[in-house]
Trainee: 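Dropping the structure in here first, questions after.
Every chain is numbered from 1 and lettered A, B, ... according to where its sequence line falls, protein lines coming before strand lines. This structure is a prediction, so every number in the text was calculated from the model and none was measured.
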Amino acid sequence: MSANKRIMKEYAEVQSSPPPGCKITLENEGDMNLWNVVMDAPSDSTYAGGHFKIAIKLPKEYPFKPPVLNFKTKLYHPNVMNDETGSMCLGMLRPDEWKPPNKIADVLKLVRAVLASPQPDDAVEQGIADQYKNDRKAFEKTAKDWVNRYAK
Amino acid sequence: MITSPPTEPDNATTSAAKLGKRRHSGEEAVASPHKKIMTDANGSTNGAGKMDVDTITVPVEQLKRQALADGNGEIDEGLYSRQLYVLGHEAMKRMGSSNVLVVGLRGLGVEIAKNIALAGVKSLTLWDPKKARIEDLSSQFFLHAEDVGKPRAQVTAPRVSELNPYTPVSVHEADSLTGDLERLKRYQAVVLTDTPLKEQLKIADYCHENGIYVVVTDTYGLFGTIFTDFGKSFTVGDPTGENPVSGIVAGVDEEGLVSTLEETRHGLEDGDFVSFTEVEGMTKLNDGTPRKVKVMGPYTFSIGDVSGFGTYERGGLYTQVKMPKIIDFEPMSTQLNKPELMMSDFAKFDRPAQLHVGVQALHEFAEKHGGELPHPHNDNDAAEVLELAQKIAKTLEEKPELDEKVIKELAYQARGDISPMAAFFGGLAAQEVLKSVSGKFHPIKQWMYFDSLESLPSSSPRSEEECRPRGTRYDGNIAVFGHSYHEKVTNVKQFLVGAGAIGCEMLKNWAMLGLGSGPKGNISVTDMDQIERSNLNRQFLFRPKDVGHLKSEAAAAAVQAMNPDLKGKITVLKDRVAQDTEEIFNEDFWNALDGVTNALDNVDARTYVDRRCVFFHKPLLDSGTLGTKGNSQVVLPRLTESYSSSQDPPEQSFPMCTLRSFPNRIEHTIAWAKDLFHTYFVGPAEIVNTYLTQKDYLSTALKSSGNEKQTLETLREFLQTEKPESFDDCVEWARLQFEKQYNNAIAQLLFNFPKDSKTSSGQPFWSGPKRAPDPLKFDPENPTHYTFVLAAANLHAFNYHIKQSSDKQHILSVLDHMIVPDFKPDPGVKIQADDKEPDPNAGNGAMDDDEALGKIAQGLPQPKTLGNFKLEAVEFEKDDDTNYHIDFITACSNLRAENYKIVIADRHKTKFIAGKIIPAIATTTALVTGLVILELYKIIDGKTDLEQYKNGFVNLALPFFGFSEPIASPKGKYQGPNGEVTIDKLWDRFESEDVPLKQFIDDFKKKGLQITMISSGVSLLYASFYSAAKLKDRLPMKMSDLVEHISKKKIPEHQKNVIFEITTDDVTDEDVEVPYVMVKLRK
């Protein structure tokens, strides 16, 4: 199946049954490889109440290479790069762990799970991971502050 | 270059024989799986064949000195770059001390000589006093019609000598080889072609006794044979050429069972050896002893008894140790009656034994008939050969059952001489010679036969009349295929995409076939590249004078000289074949072709050509090489899969988090170094230039999402705070970068995560793939430290158009006089694992981003005030050894490796990985191209039976040959209004006029297909779930307008159709996969 057909089908799927807490649109219809996601943080998580914009770029080799995912809304999280890229590399998003049968909906489920429970041992932001482990209160405070500042 | 034959026979023989057999460890590693020569004016013989030594060896010596002066040791890395990554320095040095004799200079002999000359040996000597005949020109690409009647070796030697200035080529002056066998002692390896069996036996047995390696090979039409004898106890240093496997240990139990970390495949095989380092607890394992592996599973292997080694605690790395292999060869006289036969095609398992007999029968026939082989397609001669064969079969220890048809074909074709078989066996035999003198890769042991009877035409007649010689250069082809088929070949219109390594070999073969030379025939060849020096090592149509010229032009001219019948028959193009050149490679172009042959080096281009071939229903031949590995693929319209139907695993890439903080392999530090190269020398210069040249950049930059902080900081740093005024400033900058990357960042990381810190689950934080780093202290005496500063300062200077310098004394004095501030880890900094400063204080809510950024912006110098000042971004170029690029990346990567105690890589290896160099050697290319031509014969014949076609996979290192039938194109079906419809999912397509979307959808509904989505390119045009409002606008639009509307791009004027992909449900509401739709535009 051509990459385009696969992407079309996935897109149709997430429209008819979107992954929990996610709203998915195309950046523009002229490029099916750029998806925009607005993800509502799980209500029982530190980030509850936050709406996070995520940009997904499907590489030319998709589904043989993983999608590239970037948080466009700042968030204070050990697994999300605290820079302009807002990128993450976790589990199935890692090029060495990605499998072509994985779908974008699966990726989004994973991301939402990581929002609910950060994985400090696989952190990209060591400082935040450090704080998450040793000073959870301070971590929670900053994380919630950021939700209020950036993600409302 | 022509020189006299090598002298000092005895010394040379003993020393090189020892070299070839010496056990060697630490062999240069070659790429893992998963693709200048200056001739001198005197390079010609002076008449009678007496060579003038003095005038010619001088330039060779000069070149060698020049190479030495370049600091490359004895091997000219500029010329041999791609081949070095196949063979390694050590093997090439051994080749450089070996003298090789090639006997017989017909098509096969010259192919071998060409490949060996390109590869580079101490000397290459040719012997063939026989007079050239017109039919030799069927495959002997260095002979011209006017050479007929002249001694083959004399004519050929000067042309072979042009190929490589480091391989002196000469002629062995003797009327007979067997007359004085002693004279062979000056050679380390002897190759026999076109030699009677009796002489083969004498020479081969003599060589066996005297420690000279022997390769004997011949082709007879579509049949070929090769025999090797590298003597008793021949040592192979590296049987596979694969990189040693390595990995991280997760545990070793008391039974010696080793498990790998996080379920990573260990990649070892039974009988491999590994050694260990850094194992804690079971420390005896670290003693460096290679331990034999028994594979227990993909993630576990056993190393046997470990009692008394202590108890495993944690950590450890395993690394494969390449163990030499000793091989015993038997002399030819023994092997002739009791052959050890290697399989070349598992579908023909009973054929080697038959051909072993058949070839001997041919020799016996020739002996009886004054040296003449059976006449083409002559039944009497064939019957005699069969009879002889049956007699010989009875004398063998294992008596093969002879297939009359096969032996008769062998007799029919015995005088046939075709270039694809010469290419196949020439590539193979040359590689065996290189194996013998270098000890690199596993040799063929001891016979191999190969045939391609499937290539015989079935739609053109073959008979004695058809196959009789015409007294033309094509007689070697006609003897096999018949005259009618040959005519067909000459009238083919074929397109060659690429004139690089495969392209050159392909054109040579085509020229020998006379392909495209007929009244209706034509060859088109395109290549956008110009010839570079590193090409000359295997793109053998090119000479040093061609460097800088277009490949397609030079290649076409070279093969037109080889076969003048091609004059006026080659269309030379100079564009890449891609979407942006569809105006050049337009419909008329494609429609005029009979077929397409790819000679490309990248997947994108292959995929594009494949798509076009599918679209225009043209047969496509694809092939590729990677070091000693090669493959060929046939794509046939409406019959097979296409190239893109199967996919190679994507290129390896590393998780960003590993690169950023936790490297554990040299590949990680090299990737990091490449990033840093970009961060220092490419990115900032581009940003600065945009700021300086693009009006309102600041206001747009400030508004663009997320990037403003970094952009502004970069601008401030490169235009203001850190802007160098002199080279000395660049040195200081470089020194400070060293401190920042290799001391400060590491110190901060260790401050945040001390070596004894624990994870949340109580495990040591620094364990497994996380290696604890140590900061480096700058030492100007340390060559890597110094190189980092030297390269970084020069590249920084390049950015600013500041005069570069490599004056060590000066640089050292600048370093000596500057003050490098001491670094103290900042407890307030959460982490500063790199310089991106992840907003460490933002948590306190103290920082007001906008205000701070505004201040930076206001402080920047106005572009107007800087006049014409601009920075120059560095453009990465791996093959220029003077530009500091690879120097910087090597030092940069190795310093980080030193931080993390990762085994460093030298410049050569770093260049290979960082430059993504595809290792390449002429032998593989020649052989693979031969396989492609064998398939081309079938396509020209018009065969439609898939079983007759073969995709080939070879690895000359092992050696391995595998052939498989092409996979049929996928068929599908759906329920239409009138019952089931069968479709070829690849080659079928729907066609439509440029109708409005609504009609488009309705037309498909009539076919029983309900369209759910439509796309074209990356534009999504329609989805059945779109809102009614959206659809209202779109449904009346014509398909072409719709595409232009959504993609916001005009369809180019020359484009006559647009491709649409659709997803559909059939009448049963089943989701069915259907072919694409071609909408025809203007007429």
Trainee: Is it the case that over 12 heavy atoms from other parts of the model lie below 6.0 angstrom from the NZ atom of B/K971?
Mentor: yes
Trainee: Under 4.5 Å between any side-chain heavy atoms of B/M1013 and A/K5, yes or no?
Mentor: no
Trainee: By a 4.5 Å heavy-atom criterion (distance strictly below it), what part of B/I1014 contacts chain A: side chain, backbone, both, or neither?
Mentor: backbone
Trainee: Within the supplied structure, the quantity of interest is the number of heavy atoms (other residues, nucleotides, ligands) at a distance under 6.0 Å from A/E140 CD; does it exceed 12?
Mentor: yes
Trainee: More than 12 heavy atoms of other residues, nucleotides or ligands under 6.0 Å from NZ of B/K1049: yes or no?
Mentor: no
Trainee: Is the backbone N or O of B/T1063 less than 3.5 Å from a side-chain atom of A/K9, with the two atoms forming a donor-acceptor pair by type?
Mentor: no
Trainee: Which region of B/K770, side chain (C-beta onward) or backbone (N, CA, C, O), has a non-hydrogen atom less than 4.5 Å from a non-hydrogen atom of chain A, or is it both or neither?
Mentor: side chain
Trainee: For A/E29 and B/Y1026, which I'm curious about, is there any donor-acceptor pair between the side chains at under 3.5 Å?
Mentor: yes
Trainee: Any side-chain to backbone donor/acceptor pair from A/N4 onto B/G1017? Under 3.5 Å, distance only.
Mentor: yes
Trainee: Is it the side chain or the backbone of A/L26 that comes within 4.5 Å of chain B heavy atoms, both, or neither?
Mentor: side chain
Trainee: Taking B/R1034, B/K1048, B/K985 one by one, which has the highest count of heavy-atom pairs under 4.5 Å against chain A?
Mentor: B/R1034
Trainee: Taking atom CG of B/L1020 and atom CG of A/N33, what is their separation to the nearest 0.5 Å?
Mentor: 11.0 Å
Trainee: Are B/S1019 and A/M32 packed together at the side-chain level, in the sense that at least one heavy-atom pair is separated by less than 4.5 angstrom?
Mentor: no
Trainee: Are there over 12 heavy-atom neighbours, none belonging to A/K53, within less than 6.0 Å of that residue's NZ?
Mentor: no
Trainee: Does the pair A/M8 and B/I1062 meet the rule for a side-chain contact (heavy atoms from CB on, under 4.5 Å), with working shown?
Mentor: CA-CA 9 Å; A/M8 278 198 274; B/I1062 55 174; over 6 Å; no
Trainee: Answer whether the closest heavy-atom distance between the side chains of B/R660 and A/E125 falls below 4.5 Å.
Mentor: yes
Trainee: Using a 4.5 angstrom heavy-atom cutoff, name the option from A/N134, A/V124, A/I7, A/N28 with the most pairs to chain B.
Mentor: A/V124
Trainee: If you count the non-hydrogen atoms of other residues, nucleotides and ligands that lie under 6.0 Å from NZ in A/K152, is the total more than 12?
Mentor: yes
